[in-house]
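Notes follow once the structure below has been shown.
Numbers here simply count residues along the sequence, with the first being 1. Each ligand, and each atom within it, is numbered from 1 in the order the structure gives.
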Amino acid sequence: MENATNNTEVHKGLEGVIAASTKIGYVDGQAGMLNYRGYDIKTLAEQSNYEEVSFLLLYGHLPTREEYNAYATKLRELSKPDEDVYDVIRKIGAKTHPMTTLRTAVSIFAASDKAESSENLKDQEEMAIKLIATLPTIVGAIHRVYSGKEIIAPDKNLGYAANFYYMSLGVRPDPMESKIMDTALILHADHGMNASTFSAMVTISTLADMYSSVTSAISTLKGGLHGGANERALKMIQSFGTPAGAESKLRDMLERKEKIMGFGHRVYKVYDPRAKILKQYADYITQKNDRNLYETANKVEEIMINTLGSKGIFPNVDFYSGMVYNAMGFKTEIFTPIFAVGRISGWVARALEYVSDNKLFRPKAQYTGERGPLKYVPIQER
Ligand SMILES: CC(C)(COP(=O)(O)OP(=O)(O)OC[C@H]1O[C@@H](n2cnc3c(N)ncnc32)[C@H](O)[C@@H]1OP(=O)(O)O)[C@@H](O)C(=O)NCCC(=O)NCCS
């Protein structure tokens with residue numbers, strides 16, 4: 001085998017490089033399969049809930065009844081952050097993108113933890129649980145303030161997803177709305193070594209704390225190539241107006257070789273299993289209103305599959321998630337923070353897994369600059 005130190009081949013974006021081992025989740029892009037700790041995503045979406053899935057990701061097994069009760073109770077007890085966090089969210093208001101507010105709010109939240117800088121694994125695990133417990137409250141508060149409304153405290157009688165819905169939208173969800181919210185969070189909980197998860201792992205590999213790791217991940221998720229696609233997919237479908245509008249405008253876009261948001265995936269070359277599940281819920285939730293939006297999306301899907309399906313281009317998770325959140329009443333700018341609420345479990349589970357058998361991340365870059373040594377010219381002579 002070639003010695004890694006002498007290997008001069010550049011893997012741009014680390015594409016194809018295997019940099020860690022994991023037991024947390026597996027994606028098979030050819031088979032359209034995603035599993036968490038060996039459990040198929042479809043089964044978890046149908047039969048589990050977010051509390052159980054986050055336990056599974058963190059601890060590697062489905063909880064017993066006792067473990068579940070203790071974990072779910074702990075999440076509820078830890079769900080309300082200090083007033084400082086709310087104050088900062090109010091102070092920022094609608095001045096910035098909610099992802100910026102989220103990053104700042106998590107930093108303020110860290111300040112309330114005396115063990116904030118601890119490298120101890122048990123402390124890191126406690127921070128992970130605090131973050132899972134509090135993120136929906138923080139994002140809910142950001143959504144309220146961003147919409148010009150009063151912040152709502154968690155309701156200890158509601159489950160994780162229902163509480164997030166309530167704190168964000170101000171009404172308690174019916175059982176079906178609660179199930180859809182739960183499913184959306186489960187579907188976003190983990191997805192291989194994606195960019196934000198990788199960021200979380202790089203930060204914790206320096207033995208920085210879990211709060212630092214999660215703020216890195218939030219910053220990385222913010223970008224349009226990662227968390228921002230659902231927002232853009234929804235805006236595109238809305239701009240088509242009707243199925244007939246989609247027919248003409250989409251064909252023009254394809255002729256101009258434009259990338260259609262919500263389609264295609266680096267890993268999946270078949271229908272994204274998460275999109276399949278969300279499509280059913282988008283169908284259900286747009287029955288009351290937004291039917292035209294769903295039918296327009298369906299037209300887009302039909303044209304895209306007919307045109308590009310043979311190249312492995314199918315709807316991805318972002319195509320239908322935005323439509324579901326929109327029909328629930330979430331503002332478009334909050335779609336990426338909702339993604340963060342789902343992904344928090346994957347971030348912390350993978351950061352903990354990595355740091356428990358740690359190796360500082362330190363890839364190399366191929367130097368293509370001047371080798372010199374050049375003659376140094378004093379500034380007055382240049
Ligand atoms: C995700 C993405 C970056 C993957 O890109 P990729 O791995 O380079 O895609 P592929 O190599 O499989 O593309 C195969 C062909 O389909 C085209 N294609 C891929 N995604 C497309 C899209 N969304 N719209 C139109 N054409 C697309 C490519 O241009 C390529 O065409 P070519 O054969 O003429 O060169 C890309 O599909 C994309 O930008 N999608 C839109 C953004 C999005 O929804 N992101 C969220 C991902 S979860």
Side-chain angles (χ1 to χ4, degrees), residues 11-17 25-34 36 41 45 99 183-199 217 220-240 246-279 282 293 296-326 332-333 335-343 346-347:
H11 297 272
K12 227 177 154 192
L14 298 181
E15 192 169 3
V17 173
Y26 178 65
V27 191
D28 182 336
Q30 295 301 331
M33 196 193 83
L34 168 64
Y36 298 163
I41 191 70
M99 282 301 276
T183 304
L185 297 181
I186 291 172
L187 295 178
H188 286 88
D190 186 63
H191 205 249
M193 229 163 114
N194 57 85
S196 57
T197 300
F198 181 48
S199 265
T220 308
L221 184 68
K222 188 180 180 214
L225 290 184
H226 191 5
N230 54 12
E231 209 174 311
R232 290 195 279 160
L234 179 74
K235 284 183 178 151
M236 179 193 71
I237 304 164
Q238 285 169 333
S239 77
F240 290 158
E247 180 97 50
S248 62
K249 290 179 192 154
L250 180 63
R251 289 202 194 281
D252 287 349
M253 287 171 80
L254 288 172
E255 245 165 58
R256 290 195 300 269
K257 295 254 169 232
E258 281 181 38
K259 282 269 161 68
I260 310 303
M261 290 296 126
F263 284 86
H265 199 276
R266 263 288 141 79
V267 185
Y268 295 117
K269 297 305 166 198
V270 292
Y271 211 117
D272 181 334
R274 302 165 299 172
K276 252 187 215 168
I277 299 168
L278 281 173
K279 183 181 177 182
L293 199 66
T296 307
N298 246 337
K299 190 66 185 173
V300 174
E301 176 179 330
E302 183 194 308
I303 299 169
M304 285 298 285
I305 294 179
N306 286 340
T307 320
L308 288 167
S310 58
K311 286 188 177 179
I313 307 300
F314 291 90
N316 61 48
V317 68
D318 294 315
F319 190 60
Y320 287 107
S321 62
M323 195 179 310
V324 168
Y325 303 146
N326 180 63
T332 315
E333 294 78 6
F335 292 177
T336 313
I338 300 175
F339 190 153
V341 174
R343 188 54 57 88
W347 286 337

Can you pull out the closest protein heavy atom to [atom]? Residue, atom name and distance to 0.1 Å, please.
{"atom": "atom 27 (C) of ligand 1", "answer": "K259 CE, 3.8 Å"}
{"atom": "atom 19 (C) of ligand 1", "answer": "I313 CD1, 3.2 Å"}
{"atom": "atom 45 (N) of ligand 1", "answer": "A229 CB, 3.7 Å"}
{"atom": "atom 33 (O) of ligand 1", "answer": "K311 NZ, 3.1 Å"}
{"atom": "atom 46 (C) of ligand 1", "answer": "D318 OD2, 3.2 Å"}
{"atom": "atom 47 (C) of ligand 1", "answer": "N316 ND2, 3.6 Å"}
{"atom": "atom 40 (N) of ligand 1", "answer": "F263 O, 2.8 Å"}
{"atom": "atom 26 (N) of ligand 1", "answer": "L308 CD1, 3.5 Å"}

Under 3.5 Å, is there a donor-acceptor pair between the side chain of [X] and the main chain of [Y]?
{"X": "R232", "Y": "G224", "answer": "yes"}
{"X": "H226", "Y": "T220", "answer": "no"}
{"X": "N298", "Y": "T296", "answer": "no"}
{"X": "N316", "Y": "G264", "answer": "yes"}
{"X": "K257", "Y": "M253", "answer": "no"}
{"X": "R343", "Y": "H188", "answer": "yes"}
{"X": "T307", "Y": "I303", "answer": "yes"}

With a 4.0 Å cut-off, strictly under, does [atom] pick up any protein heavy atom?
{"atom": "atom 21 (C) of ligand 1", "answer": "yes"}
{"atom": "atom 11 (O) of ligand 1", "answer": "no"}
{"atom": "atom 35 (O) of ligand 1", "answer": "no"}
{"atom": "atom 2 (C) of ligand 1", "answer": "no"}

Query - Atoms of ligand 1 close to K269 [distance to a heavy atom under 4.0 angstrom, numbered from 1] - result: 7 (O), 12 (O)
**Report entry** Element-labelled atoms of ligand 1 that are located less than 4.0 Å from some non-hydrogen atom of H265
**Finding:** 1 (C), 4 (C), 37 (O), 48 (S)
Report task. Would you confirm whether the ring centroid of H191 sits within less than 6.0 angstrom of the ring centroid of Y26? Result -> no
Query raised in the report: Under 6.0 Å between ring centres, would you say that holds for F314 and Y268?
Result: no
Report task. Would you indicate whether K276, at its atom NZ, is surrounded by more than 12 heavy atoms from other residues, nucleotides or ligands within a distance under 6.0 Å? Result -> no
Requested in this report: Could you tell me whether I260 approaches ligand 1 through its side chain, its backbone, both or neither, with non-hydrogen atoms closer than 4.0 Å?
Outcome: both
Evaluate [X] for polar contact with ligand 1, using N/O atom pairs at a separation under 3.5 Å.
{"X": "K257", "value": "no"}
{"X": "G262", "value": "yes"}
{"X": "R274", "value": "no"}

Query raised in the report: Is there a side-chain contact between L278 and D272 (heavy atoms, below 4.5 Å)?
Result: no
Query - K235 side chain reached by M261 side chain, heavy atoms, under 4.5 Å - result: no
Query raised in the report: Can E258 be said to touch ligand 1, with heavy atoms closer than 4.0 Å?
Result: yes
